[in-house]
Amino acid sequence: MDPSTGPANHDLPGNDPTSATDEDSSLCPTVLDLTSFQLHDLESVELPPSLTELDLTANRLSTLDPRISQLSNLKKLSLRQNLFTDDGIQPLSTWHTISALEELVLRDNQLKKIPDVSIFKQLLVFDVSFNEISSLNELSNVSSTLKELYVSKNEVTKMEEIEHFPLLQILELGSNRLRVMENLQNLTSLQELWLGRNRIRAINLCGLKCIMKLSLQSNRLTSTTGLEECVALEELYLSHNGIAKMEGLSTLVNLRLLDVAANKLTEINDITKLERLEDLWLNDNQITSLEGIEEAVACSREKLTTIYLERNPCAKSPNYISTLKQIFPNVEQIDSEVFA
């Protein structure tokens, strides 16, 4: 069989006469997973009206099968990693029969703009990452019920039209062209904010205090100030920036993981009081000595289980590993070395 023509009919769900069982669930399937079948269309596939989830990830689809529009029970639809353009996805905006959709994944296609999904009034998850989208225009038409929004690896230059998502818990805008953190003040339920690989120079969380995970890796930060009120933070990723001093961190009493690797640090500051710190990543900086490190992390000495300091001048110190093990009695990993 020529793989470019797709699988033969007998390989597809719904076409195997031996697949039925005596159980009622086999007669009314609710989930259909067609991942990686290399399908160019769905002509050879049966789409039972009972479907609540349809996964078409990693195929060669460029047009929508109109039968999908009649799946009135559909809650999750994934069109990830296909060949959809803006025109190819446009019919979705008129398919009112599936307007109760809760999860729509359009990741890794050829979209140049946010599609019109305004008919989906119960949408919880919306993913348009890995496309060619240059603006967040049209986000204002996305339902305010949204809890997770993914727009990473696009060409977005401005954080806009996100103000009306009071229930949003996860916002992913990594790998874009953002320069400023803005318009976050209404996202009072936000727990995770992923902004790595942008061009951001300063931290501005617009008064938000509820964030638990924040990533600003690979940006243009020179300071860690701006986090003082984010007392709920548990994981903070700031590696690959230009930070020369750790500051504004002492109030982050719930912090468990701190990543400030690959910056310009010469010493460890402002984390003395962080009692819950378990992971501390300081590798690839300019920290010259282990002297004073015990005082620098005084309240987390017993809690710390992982520390990275490799590729700092201090890592060349005599008895480097044994000194750290003595300072941190419960450490399980130092750099790449794991202890039983």
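Positions are given from 1 along the sequence.
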Visitor: Go through the steps for Leu101 and Leu92 under the test side-chain contact (heavy atoms from CB on, under 4.5 Å), then give the verdict.
Guide: CA-CA 11 Å; Leu101 203 67; Leu92 270 178; 5.6 Å; no

Visitor: Roughly how far, to the nearest 0.5 Å, is CD1 of Ile293 from CG of Leu309?
Guide: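 Spacing of CG (Leu309) from CD1 (Ile293) equals 5.0 Å.
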
Visitor: If you look at every heavy atom in Val297 and Leu280, which pair is closest and at what distance?
Guide: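 Reported closest heavy-atom pair: CG1-CD2, 4.0 Å.
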
Visitor: Decide if atom CD of Gln326 counts as having more than 12 heavy atoms of other residues, nucleotides or ligands within a radius under 6.0 Å.
Guide: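 It does not: Gln326 CD has 12 such atoms or fewer within range.
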
Visitor: For residues Leu123 and Val142, report the shortest heavy-atom separation together with the two atoms involved.
Guide: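 Scanning both residues completely, I find the closest heavy atoms to be CD2-CG1, 4.3 Å.
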
Visitor: Could you pull out the closest heavy-atom pair between Leu83 and Gln110, with the gap in Å?
Guide: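 Between these two residues, the closest heavy atoms are CD2-NE2, 3.5 Å.
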
Visitor: Evaluate the side-chain contact (heavy atoms from CB on, under 4.5 Å) criterion for residues Leu205 and Leu190: first the C-alpha distance (whole Å), next the side-chain angles of each, then the deciding distance (0.1 Å), finally the verdict.
Guide: CA-CA 11 Å; Leu205 287 162; Leu190 199 63; over 6 Å; no

Visitor: Taking it one step at a time, do Ser239 and Gln217 satisfy side chain to side chain donor-acceptor pair (under 3.5 Å)?
Guide: CA-CA 5 Å; Ser239 65; Gln217 296 171 304; 3.1 Å; yes

Visitor: Less than 4.5 Å apart, side chain to side chain, heavy atoms only: is that true for Met212 and Glu192?
Guide: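 A side-chain contact is absent here, since even the closest heavy-atom pair is not under 4.5 Å.
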
Visitor: How close do Leu139 and His164 get, counting heavy atoms only, and between which atoms?
Guide: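 Scanning both residues, the minimum pair turns out to be O-CE1, 3.0 Å.
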
Visitor: I'd like to check Thr272 versus Glu295 (side-chain heavy atoms, cut-off strictly below 4.5 Å). Are they in contact?
Guide: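 No - every pair of side-chain heavy atoms lies 4.5 Å or more apart.
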
Visitor: Among the clusters formed by ILVMFWY side chains lying less than 4.5 Å apart, do Phe130 and Leu104 turn up in the same one?
Guide: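 Different clusters: Phe130 never reaches Leu104 through Ile, Leu, Val, Met, Phe, Trp or Tyr contacts under 4.5 Å.
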
Visitor: Assess whether a salt bridge exists between Arg107 and Asp127, defined as any Lys/Arg side-chain N lying under 4.0 Å from an Asp/Glu carboxylate O.
Guide: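 Here Arg107 pairs with Asp127 in a salt bridge, since their nearest N and O are under 4.0 Å apart.
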
Visitor: Does any part of the side chain of Glu160, heavy atoms only, come nearer than 4.5 Å to the side chain of Ser135, both counted from C-beta?
Guide: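 Answer yes - side chains close enough.
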
Visitor: Decide yes or no for Thr63 and Asp41: does some side-chain heavy atom of the first lie under 4.5 Å from some side-chain heavy atom of the second?
Guide: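 SC-SC contact between Thr63 and Asp41 ruled out.
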
Visitor: Does the side chain of Leu282 reach to within under 4.5 Å of the side chain of Val260, using non-hydrogen atoms?
Guide: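 The answer is yes, as the side chains (C-beta and beyond) meet within the 4.5 Å cut-off.
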
Visitor: Treating Ile, Leu, Val, Met, Phe, Trp and Tyr as nodes and any side-chain heavy-atom pair under 4.5 angstrom as an edge, say whether Trp281 and Trp194 lie in one connected cluster.
Guide: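 Trp281 and Trp194: one cluster.
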
Visitor: Give a yes or no on whether Leu304 and Ile321 share a hydrophobic cluster (residues Ile, Leu, Val, Met, Phe, Trp, Tyr; joining criterion: side-chain heavy atoms under 4.5 Å apart).
Guide: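 Hydrophobic grouping puts Leu304 with Ile321.
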
Visitor: State, without any angle test, whether Ser223 and Glu247 hold a side-chain donor-acceptor pair at a distance under 3.5 Å.
Guide: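 The answer is yes; a qualifying pair exists.
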
Visitor: Is Lys121 close to Ser99 at the side-chain level, that is, under 4.5 Å between some pair of heavy atoms?
Guide: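 Ser99 does not reach Lys121 side chain to side chain.
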
Visitor: What are the two closest non-hydrogen atoms of Met159 and Leu184, and how far apart are they?
Guide: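 Between these two residues, the closest heavy atoms are CE-CD2, 3.6 Å.
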
Visitor: Should we count CD of Glu294 as having more than 12 external heavy atoms under 6.0 Å?
Guide: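 More than 12 heavy atoms, drawn from other residues, nucleotides or ligands, come within 6.0 Å of this atom.
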
Visitor: Once you round to the nearest 0.5 Å, how far does CG of Leu258 lie from OG of Ser300?
Guide: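 Answer for the CG-OG pair, Leu258 versus Ser300, is 10.0 Å.
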
Visitor: Knowing that exactly one of Leu257, Leu216, Leu214 qualifies, which makes a side chain to side chain contact (heavy atoms under 4.5 Å, CB included) with Tyr237?
Guide: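 Testing each of Leu257, Leu216, Leu214 against Tyr237, the sole residue satisfying side chain to side chain contact (heavy atoms under 4.5 Å, CB included) is Leu257.
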
Visitor: Just how far is it from atom CG of Asp284 to atom CZ of Arg311, taken to the nearest 0.5 Å?
Guide: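 It is 4.0 Å, given to the nearest 0.5 Å.
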
Visitor: Output yes when a side-chain donor or acceptor of Asn154 lies under 3.5 Å from a complementary backbone atom of Asn131, and no otherwise.
Guide: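 Such a contact is found between Asn154 side chain and Asn131 backbone.
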
Visitor: Are Tyr150 and Val105 packed together at the side-chain level, in the sense that at least one heavy-atom pair is separated by less than 4.5 angstrom?
Guide: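 Tyr150 vs Val105: side chains apart.
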
Visitor: Any sub-3.5 Å donor-acceptor pair from Asn198's side-chain atoms to Asn219's backbone N or O?
Guide: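 Checked: no pair found.
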
Visitor: Check this for me: Arg60, atom CZ, are more than 12 non-hydrogen atoms of other residues, nucleotides or ligands nearer than 6.0 Å?
Guide: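 No - once you tally the heavy atoms of other residues, nucleotides and ligands closer than 6.0 Å, there are 12 at most.
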
Visitor: Would Thr222 and Asn241 count as a side-chain contact (heavy atoms from CB on, under 4.5 Å) here? Give the steps.
Guide: CA-CA 7 Å; Thr222 56; Asn241 279 283; over 6 Å; no

Visitor: What about Trp95 and Leu47, same hydrophobic cluster or not, with Ile/Leu/Val/Met/Phe/Trp/Tyr joined at side-chain heavy-atom distances under 4.5 Å?
Guide: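 In one cluster: yes.
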
Visitor: Do Arg179 and Arg220 have side-chain heavy atoms sitting under 4.5 Å apart?
Guide: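 Yes. Closest side-chain heavy atoms under 4.5 Å.
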
Visitor: Does the salt bridge (Lys or Arg N to Asp or Glu O under 4.0 Å) test come out yes or no for Arg256 and Glu235, once each step is laid out?
Guide: CA-CA 6 Å; Arg256 295 185 296 102; Glu235 298 180 15; 3.3 Å; yes

Visitor: Hey, is Arg80 close enough to Asp108 for a salt bridge, meaning N to O under 4.0 Å?
Guide: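 No, no charged N to carboxylate O under 4.0 Å.
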
Visitor: Is it true that, when you exclude Arg276 itself, more than 12 heavy atoms of the residues, nucleotides or ligands shown sit nearer than 6.0 Å to its CZ?
Guide: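 No - once you tally the heavy atoms of other residues, nucleotides and ligands closer than 6.0 Å, there are 12 at most.
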
Visitor: Could you tell me the separation between the CZ atom of Phe126 and the CD1 atom of Ile114, rounded to the nearest 0.5 Å?
Guide: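 Here the interatomic distance stands at 5.5 Å.
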
Visitor: Report yes or no: do Leu124 and Phe165 belong to one cluster of Ile/Leu/Val/Met/Phe/Trp/Tyr joined by side chain heavy-atom distances under 4.5 Å?
Guide: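 No, no single cluster joins them.
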
Visitor: Less than 3.5 Å apart, any donor N or O on the side chain of Thr251 or Glu228 sitting next to an acceptor on the other?
Guide: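 Result is no, nothing qualifies.
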
Visitor: First locate atom CG of Asp55, then atom CG of Asp33, and finally report the distance between them rounded to the nearest 0.5 Å.
Guide: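 Answer rounded to 0.5 Å: 4.5 Å.
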
Visitor: Look up atom CG in Asn263 and atom OG1 in Thr224, then write down how far apart they are to the nearest 0.5 Å.
Guide: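 These two atoms lie 9.5 Å from each other.
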
Visitor: Looking at every heavy atom in both Leu34 and Val45, which two are closest together, and how far apart are they?
Guide: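 The answer is CD1-CG1, 3.8 Å.
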
Visitor: Hey, are Lys75 and Glu53 close enough for a salt bridge, meaning a charged N less than 4.0 Å from a carboxylate O?
Guide: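 The answer is no: the pair does not qualify as a salt bridge.
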
Visitor: Return yes if a side-chain donor-acceptor contact under 3.5 Å exists between Ser134 and Glu155, otherwise no.
Guide: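 Judged by distance alone, the side chains do not pair up.
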
Visitor: As a quick check of understanding, evaluate side-chain contact (heavy atoms from CB on, under 4.5 Å) for Ser69 and Thr97, giving each step before the final call.
Guide: CA-CA 6 Å; Ser69 69; Thr97 302; 5.7 Å; no

Visitor: Under the 3.5 angstrom rule, does the side chain of Ser189 hit a backbone N or O of Leu168 as a donor-acceptor pair?
Guide: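 Between the backbone of Leu168 and the side chain of Ser189 there is no qualifying donor-acceptor contact (under 3.5 Å).
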
Visitor: For a quick check under 3.5 Å, do Thr85 and Asp87 share a side-chain donor-acceptor pair by atom type?
Guide: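 Distance-only check fails for Thr85 and Asp87.
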
